[in-house]
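Have a look at the structure below, then the notes.
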Amino acid sequence: APDGSLLAVALPDEGKVALFAVREPGILAAVPGWPAAVPGIDRPGPLAFLPRPAAPASPAPALATPAAAPAGWILAVGEAPPEAAAIALAVAAPGGPVAVSALDLGQGGGTLGIAPDAERDRLFVSLPGIDSVAVVEGAVAGSLRLAPGSPTALPDGARTPAGLALGPGGRRLHVVSRGSNSITTFG
């Protein structure tokens, strides 16, 4: 997690994600209920933490929403290659993941990277199967949807987007393409 309190590890061959609490430097403690399968993801790949919205003033509904579980982080999980590209959100809760939302990105080839932009409530997701990057809106709100005009193709020659890094203020997105050994900057 961005505050250093949690570490998530994808276990794609097991179809699970492991979650650890970070104690004093160098000490990891397995969170009870993890490793666990994340609903909507068969083969976990890239992972990213998002802050959970503040709990509403009224009692939380019985449905699984970001405010319905006692954990401070939402875990975004991408489907690893070679599966179809998808993303799922789950509250990183003791006892296992609490499903929030999932989105089929409509492309083959899985995902290799996720860059969260919590300020604008969106995720950038690499789509190596089509050499593009998708913008997914509504992540913190728990209602995933593709942004208008998404996905965006990489320029000619850039292949297999993998690593994603969002610059300060979310103004630029840097995309590392491992198939072409190049970096593309959007914004």
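Values below: every heavy atom of this structure, side chains too, minus hydrogens, waters and symmetry copies. For the single chain, residues carry numbers from 1 onward in sequence order.
The stretch residues 101-119 participates, sequence neighbours left out, in these salt bridge (charged side-chain N to carboxylate O under 4.0 Å, His left out) pairs: Asp117-Arg120, Asp117-Arg122. A salt bridge (charged side-chain N to carboxylate O under 4.0 Å, His left out) check over residues 16-35, counting only residues at least two apart or in different chains, returns nothing.
Atom CG of residue Leu75 and atom CG of residue Leu6 lie 9.0 Å apart, to the nearest 0.5 angstrom. Within the model, atoms CG of Leu89 and CG of Leu103 stand 9.0 Å from one another, a figure rounded to the nearest 0.5 Å. Atom CD of Glu137 and atom OG of Ser143 lie 9.5 Å apart (nearest 0.5 Å).
Nearest heavy-atom pair, Pro97 versus Ala90, reported as atom, atom and distance to 0.1 Å: CB-CB, 3.7 Å. Looking at every heavy atom in both residues, Pro39 comes nearest to Ala37 through CD-O, 3.7 Å.
With sequence neighbours excluded, the residues satisfying side chain to side chain contact (heavy atoms under 4.5 Å, CB included) with Pro2 are Phe49, Trp73. Scanning for side chain to side chain donor-acceptor pair (under 3.5 Å) contacts around Ser180 gives Ser182, with sequence neighbours left out. By the side chain to side chain contact (heavy atoms under 4.5 Å, CB included) test, Ala162 pairs with Leu112, Arg178, sequence neighbours left out. Evaluation of the side chain to side chain contact (heavy atoms under 4.5 Å, CB included) rule for Pro46 yields Thr111, Ile114 as partners, not counting sequence neighbours. Under the rule for a side chain to side chain donor-acceptor pair (under 3.5 Å), Asp156 has no partner lying at least two apart in sequence or in another chain. Residues that satisfy the side chain to side chain contact (heavy atoms under 4.5 Å, CB included) test with Asp121, not counting sequence neighbours, are Ala139, Val140, Ala141.
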Below 3.5 Å, can you tabulate the donor-acceptor pairs from side chains in residues 163-172 to any protein atom, sequence neighbours excluded?
| from | atom 1 | to | atom 2 | distance (Å) |
| --- | --- | --- | --- | --- |
| Arg172 | NH1 | Gly187 | O | 2.9 |

Please tabulate, for the side chains in residues 146-155, all donor-acceptor contacts under 3.5 angstrom to protein atoms that are two or more places apart in sequence or on a different chain.
| from | atom 1 | to | atom 2 | distance (Å) |
| --- | --- | --- | --- | --- |
| Ser150 | OG | Val135 | N | 2.7 |

Let me check something: any side-chain donor-acceptor pairs from residues 79-86 under 3.5 Å, sequence neighbours excluded? List them with distances.
| from | atom 1 | to | atom 2 | distance (Å) |
| --- | --- | --- | --- | --- |
| Glu79 | OE1 | Asp42 | N | 2.9 |
| Glu79 | OE2 | Asp42 | N | 3.4 |
| Glu79 | OE2 | Arg43 | N | 2.6 |

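In the hydrophobic clustering, Leu28 connects to Leu7, Val9, Leu11, Phe20, Val22, either directly or through intervening members, whenever side-chain heavy atoms lie under 4.5 Å apart.
Heavy-atom neighbours of Asn181 CG from other residues, nucleotides or ligands within 6.0 Å: at or below the threshold of 12.
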Note to self: Pair Leu105, Val136 - check side chain to side chain contact (heavy atoms under 4.5 Å, CB included), show working.
What the structure shows: CA-CA 9 Å; Leu105 296 170; Val136 177; 3.9 Å; yes

